[in-house]
Protein chains: 2
Amino acid sequence: MESPVGSKRVTLAQVAELAGVSVMTASYTYNQPSRVSERSRSKVLAAAAQLGYAGPDPSARSLRRGSTRTLGVVMGEHLSYAFEDPEAVSFLAGIAGVCADRGYGMTILPITGAADDVLRVTGAAVDGFIVWTTSDDDPVLAAVRATKRPAVVHGGPAVPGLGLVSIDNRAAACAVGAVAFAGATRPAVLSFPLSRERISTITRGSGIADVLFPVTRERLEGYRQAAEEAGIAWRDVVVAVCSRNDAADAERTAATLLASAEPPDAIVAMSDQQAAGVLRAARAAGRAVPHEVAVTGWDDSALAAQLGLTTVAQSLREQGAACAQAALGGRTPVSRTAPWSVVRRGSTRP
Amino acid sequence: MESPVGSKRVTLAQVAELAGVSVMTASYTYNQPSRVSERSRSKVLAAAAQLGYAGPDPSARSLRRGSTRTLGVVMGEHLSYAFEDPEAVSFLAGIAGVCADRGYGMTILPITGAADDVLRVTGAAVDGFIVWTTSDDDPVLAAVRATKRPAVVHGGPAVPGLGLVSIDNRAAACAVGAVAFAGATRPAVLSFPLSRERISTITRGSGIADVLFPVTRERLEGYRQAAEEAGIAWRDVVVAVCSRNDAADAERTAATLLASAEPPDAIVAMSDQQAAGVLRAARAAGRAVPHEVAVTGWDDSALAAQLGLTTVAQSLREQGAACAQAALGGRTPVSRTAPWSVVRRGSTRP
DNA sequence: CTGTTAGCGCCTTCAG
DNA sequence: CTGAAGGCGCTAACAG
């Protein structure tokens with residue numbers, strides 16, 4: 001017997017009535033079967049099958065229990081971009097693994113950049129949040145805090161009361177910058193956006209303190225330090241800001257840089273995707289890598305190995321898992337600094 | 001004033017009391033602000049701020065309204081694999097776009113292959129489901145049906161009462177097979193698993209009717225038809241089953257095939273990932289593509305363009321969006337056949 | 001514009 | 001092992 005799709009919702013009470021037991025016995029049948037006699041249990045299950053009852057209503061259960069067994073993940077401005085960025089995808093896979101282990105669902109929260117993002121976050125039926133790298137002024141952070149549920153930010157910013165999982169971006173940038181800038185005299189940085197408006201610019205010695213994305217800010221600080229330690233003043237370093245983390249955008253920007261009167265002889269990027277675009281631009285411009293222009297990426301993705309890119313290795317997957325553990329684990333917000341290393345390959349001078 | 005993290009939950013009733021209004025006025029303040037006077041509204045919001053009230057409780061609201069504003073996505077056996085498969089990721093991106101537009105969240109349901117998958121599906125607080133390509137005997141399908149909520153299956157199987165979004169895999173396989181098998185005498189098929197056990201095998205003229213994954217079954221049927229139309233009996237066609245959709249696995253399997261006494265002179269794969277592995281194996285074995293061995297992929301991913309692969313183009317992204325629209329749209333289950341085309345490149349004989 | 005009533009479906013508590 | 005009461009937090013429906 002199949003009830004039609006539009007049929008009225010079946011409740012536990014109806015099942016109990018048909019089975020000839022109390023509602024509680026029916027409830028126990030689903031939640032603590034061992035406390036119900038074999039006979040009652042089978043009567044309940046038979047009644048449920050007959051009525052097409054698919055189990056306790058999740059919303060009612062969540063309300064009663066005070067927990068949803070679901071973890072919320074806030075993925076930044078355009079949700080669909082999240083899935084286009086392979087590193088973000090690794091991060092999600094790490095979260096997914098932990099959720100699967102603990103029987104949790106994982107709700108991806110669509111952030112559009114509009115004002116109603118906040119409503120969607122506060123309105124999400126989740127027990128905790130993970131927030132993917134965002135800006136200091138992102139209103140979603142305040143919304144997450146306001147829910148008082150456990151939350152962990154990945155990358156940054158650090159927010160009082162929320163956990164933080166990140167690498168030391170400044171140190172990593174400094175280390176990879178040192179490799180890239182060795183022997184260079186005209187270094188350039190290919191940067192992620194500096195503000196939520198995602199404006200593309202090309203400047204020299206870009207202001208750093210007012211950059212609102214902490215991950216980007218820290219990397220710029222690291223590159224600055226690397227430049228200065230290589231004897232190059234920050235004001236002489238070209239900073240080209242790409243509006244998206246994307247090979248095509250990086251390729252266009254790098255082409256512009258390479259065609260200028262004083263073309264860079266070292267370009268440090270903030271992702272392997274960007275660096276791949278830079279390599280293409282260099283090839284198109286007829287510049288030898290690494291001798292005429294050194295290039296570095298970030299993340300040590302499969303692409304980096306394939307292209308022989310010097311890059312910063314980190315495991316976004318493990319960081320995702322760490323975020324999930326922290327968010328689901330306990331009440332105490334955990335901060336964790338993740339490991340990283342520089343992987344030297346042929347795109348930088350030996 | 002900041003309430004401590006562990007503090008008791010604040011309710012709308014408390015906010016209303018502090019504001020000196022009825023609970024309904026407080027509720028309207030959040031749900032239909034226009035029906036509340038300016039004065040009441042600001043009193044309520046002030047009280048909420050003072051108490052640290054972050055808005056109506058999502059579970060309670062869902063229970064009351066009978067809708068969660070969340071769409072569930074069942075992604076197949078190992079959740080983390082879902083994020084490793086770039087085509088699955090495109091599909092998710094398509095869903096995500098629609099969810100974002102309509103203010104819906106998107107809950108990814110962790111399927112582990114264990115018995116408790118069913119509980120997780122029936123226990124998910126979602127208004128509808130999308131099920132990524134699975135097998136005829138997947139118990140999750142029955143669980144989804146049992147919830148009586150709108151659901152759409154991508155790829156297959158077709159289930160009475162559920163929607164279906166798919167391309168005509170059989171026709172597409174036949175079309176791309178015709179290109180691959182032209183001029184070939186010893187064709188081979190690199191297949192996805194034939195059953196949920198994911199066993200690797202190499203046979204000739206594999207049985208097709210008992211393959212439990214409908215997408216795989218239909219593609220095999222199409223390849224069979226293409227072979228027969230090229231004058232080759234199916235019993236002479238080698239079918240190599242890979243346990244995972246993965247370049248490395250495909251490379252190993254293809255290497256085995258190419259090293260055999262009667263090496264194939266055409267290999268049709270079920271994904272571009274697999275086909276990329278085949279190309280590597282061919283190069284390692286010193287076989288010229290396409291003259292000594294023709295190769296085709298599936299999906300027309302970026303990889304296919306890069307490697308010059310003949311392949312089947314389809315938009316998983318659009319199909320994801322179509323699934324989401326159908327699942328959120330109305331009560332009626334929609335079936336939709338999506339477009340595809342064969343893209344000819346250098347990996348097949350002209 | 002505001003308030004009252006009456007549950008949504010379930011499960012914790014406490015008695016049998 | 002089973003059951004009766006009560007309420008989780010909220011909002012439709014209907015008065016005023």
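Because only heavy atoms are used, hydrogens play no part in the values below, and waters and symmetry mates are left out as well, while side chains stay in. Fair warning: this is a prediction, and the values are worked out from it, not measured in the lab. Reminder, nothing fancy here: chain letters follow the sequence lines and each chain counts from 1.
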Charged N to carboxylate O below 4.0 Å: is that the case for Asp137(B) and Arg196(B)? yes
Closest approach to the side chain of Ala60(A), judged atom by atom: which nucleotide of dT2(C), dC11(C), dC10(C) is it? dC10(C)
Any Val152(A) side-chain heavy atom under 4.5 Å of Leu162(A) side chain: no
Using a 4.0 Å heavy-atom cut-off across all strands, classify Ser40(B) as base, sugar-phosphate, or nothing. sugar-phosphate
Does the side chain of Ser37(A) get closer than 4.0 angstrom to OP1 or OP2 of dT2(D) through an N or O atom? yes
Rounded to the nearest 0.5 Å, how far does CG of Asp57(B) lie from OG1 of Thr11(B)? 10.0 Å
Looking only at side-chain atoms of Asp57(B), point me to the closest of dG9(D), dC10(C), dG3(C). dG9(D)
Would you mind reading off the distance between Arg35(B) atom CZ and dG3(C) atom C1', rounded to a whole angstrom? 14 Å
Considering only heavy atoms from C-beta outward, does the side chain of Val10(A) approach that of Lys148(B) to under 4.5 Å? yes
Which nucleotide in dG9(D), dC10(C), dA4(D) has an atom nearest any side-chain atom of Leu12(A): dC10(C)
Nearest to the side chain of Pro56(A), which nucleotide is it out of dG9(C), dC11(C), dG3(C)? dC11(C)
Are any of Tyr53(B)'s side-chain N or O atoms less than 4.0 Å away from OP1 or OP2 of dC10(D)? yes
Closest non-hydrogen atom pair between Gly105(B) and Cys99(B), with its separation: O-SG, 4.0 Å
Check every strand shown and say whether Val23(A) touches a base, only sugar-phosphate, or nothing at a heavy-atom separation below 4.0 Å. nothing
Closest to the Gln32(B) side chain, choosing from dA12(D), dC10(D), dA4(D): dA12(D)
Whole-Å distance between dG9(D) C1' and Gln14(B) CD? 11 Å
In whole Å, what is the span from the CG atom of Asn31(B) to the C1' atom of dG9(D)? 12 Å
So does Arg64(A) reach the base of dC11(C) with its side chain, donor to acceptor, closer than 3.5 Å? yes
Counting side-chain heavy atoms from CB outward, which of dA13(D), dG9(C), dG3(D) is closest to Thr25(A)? dG3(D)
Glu38(A) CD to dC1(D) C1': how many Å, rounded? 14 Å
Heavy-atom nearest nucleotide on DNA chain D taken for Ser59(B) and for Met24(B); more 5' hit belongs to Ser59(B)
Tell me whether the OP1 or OP2 atom of dG9(C) has a side-chain N or O from Arg61(A) closer than 4.0 Å. no
To the nearest angstrom, how far is Lys43(A) atom NZ from dT2(D) atom C1'? 11 Å
Tell me which nucleotide among dT12(C), dT11(D), dC10(D) gets nearest to the side chain of Ser27(B). dT11(D)
How many whole angstroms separate atom OH of Tyr30(A) from atom P of dT2(D)? 15 Å
Give the rounded distance in Å between these two atoms: CG of Leu63(A) and P of dG9(C). 12 Å
With a sphere of 6.0 Å drawn around CZ of Arg65(B), does it hold more than 12 non-hydrogen atoms of other residues, nucleotides or ligands? yes
Any idea which of dC14(D), dG9(D), dT11(D) is nearest the Tyr28(B) side chain? dC14(D)
